[in-house]
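Just so you know, ligand 1 is whichever comes first in the structure, and atom 1 is the first atom listed for that ligand.
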Amino acid sequence: MNLADLRARLAGLDRLHLASLPTPLRPLPRLRAALGPETPEIRVKLDEETGFGLGGNKVRKLEFELAPGRLRGATHLVTTGGPQSNHCRVTAAAAAKLGLGCVLVINGPEPEAPTGNARLHRIFGARIRTVASRAERTAALAEVADEIAGAGGRAVVVPLGASTPHGALGYVQALLELHDQLPAESDRAVHIVVSSSSGGTLAGLWAGLALLDRPDLQVSAISADTPALELRERARALAEGALELLQLPTEGVEAVGDRVEVFDDQVGEGYGLPTAASEEAAEWMARSEGILVDRFYTAKAAAGMIAQLRSGRFPTGDRVVFWHTGGHPAVLA
Ligand SMILES: Cc1ncc(COP(=O)(O)O)c(C=O)c1O
């Protein structure tokens, strides 16, 4: 579609400005050299540097999810995640900035000495409601919202990961940002590699592919936990939802589907559990480029990128973008 029209539609949407944008796009020459002479150019899109509340992809998503018009009358933000949830961290920071209360429904045992994101949840002033398992989170969210209503307040419940059509809009905007930073070059595809879990980041990129006239752009999403087919279906539906919010036709999503691939071959034993490949990737990123990746998301995405580079999936003349989605606090947990 016409880019000026797309920019105007995005600019016209209600939004809470939190992120420092654009985030940098930098080359990774030492990683490329370490992988051998056939390796294509590699860049990193540093969304770890979105800034607010220690940054990451959730900042972009929450800008649209927490648009002022959607929070009218709210007294609390309520959301959910694991003990090291980046999403919970940024939501708690946003609640503090907005002068709202924050309740986080966290699965897993209460840590004796919270570290990393668990510590930051508390530093940002969130009240923690602990549940035993992921399966109990949805019911607990509703209970917390009822309790707040019973006390005369109004809770806005932010779904897991802010992976909603509104949240995905943050990554439509982000793909436009990449488009400006990395113009198309003839006969050179750009392979974006990105971590994916609740699907909102991928959904926004996918909706962006449907809108930009950039057939050179392709996305490889590396699942942190969810089976590939399920994740793909979730992201596809959210991408259509994002286009609906932009009042644009949704058919484009299906039409560009062959440029979106979802991989679940880096999950290993499960969410947050390191694999040999994710540990190697973390070491390479840190020691060849000074870049930190966390064990839950970005180390596995980096492992996926390295595996695909080694397998020769990306031709030497193409370009690769590792979309770094943040997660730094968990490195120290
Ligand atoms: C650092 C990091 N990377 C990637 C993801 C995955 O993003 P999404 O939930 O939008 O799929 C998350 C959130 O779950 C995250 O915190």
Evaluate the side-chain proximity of [Y] to [X]: yes if any heavy-atom separation is below 4.5 Å, no if none is.
X	Y	answer
L217	L182	no
H324	V293	yes
L178	R214	no
L46	R26	yes
S220	R313	yes

Under a 4.0 angstrom heavy-atom cut-off, which atoms of ligand 1 come close to [X]?
X	value
G327	1 (C)
T201	7 (O), 8 (P), 10 (O)
S196	11 (O)
G200	10 (O), 11 (O)
G326	1 (C)

Other residues, nucleotides, ligands: >12 heavy atoms within 6.0 Å of D187 CG: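 Incorrect, the count does not exceed 12.
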
Whether F296 and Y271 hold their rings parallel, tilted or perpendicular, with breakpoints at 30° and 60°: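 The arrangement is tilted - the two ring planes meet at 30° to 60°.
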
Over all atoms of both residues, closest heavy-atom pair of D318 and P40: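 Where D318 meets P40 most closely, the heavy atoms are O-CB, 3.1 Å.
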
Checking a contact table here: which protein heavy atom is nearest [atom], and how many Å away?
atom	value
atom 10 (O) of ligand 1	K61 NZ, 2.5 Å
atom 6 (C) of ligand 1	S197 N, 3.6 Å
atom 16 (O) of ligand 1	N86 ND2, 2.8 Å

Quick one: does [X] get within less than 4.0 Å of ligand 1, heavy atoms only?
X	result
E48	no
S198	yes
T298	no
G199	yes

Residue part near ligand 1, for K58, under 4.0 Å between non-hydrogen atoms: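 It is the side chain that touches ligand 1; the backbone stays farther off.
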
Mind checking whether S163 contacts ligand 1 via backbone (N, CA, C, O), side chain (CB onward), both or neither, at a 4.0 Å heavy-atom cut-off?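 It is the side chain that gets close, since no backbone atom is under 4.0 Å.
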
Salt bridge or not between R295 and E279? Use side-chain N to carboxylate O under 4.0 Å.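 Salt bridge: no.
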
With a 4.0 Å cut-off on N to O distance, would you call R134 and D225 a salt bridge?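 Result for this pair is yes, salt bridge flagged.
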
Report yes if some N/O of T325 lies less than 3.5 Å from some N/O of ligand 1; otherwise report no.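 Checking ligand 1 against T325, an N or O pair does fall under 3.5 Å apart.
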
Which residue from N57, D47, V293 reaches closest to atom 7 (O) of ligand 1 through any of its heavy atoms?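 Closest candidate by heavy-atom distance is N57.
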
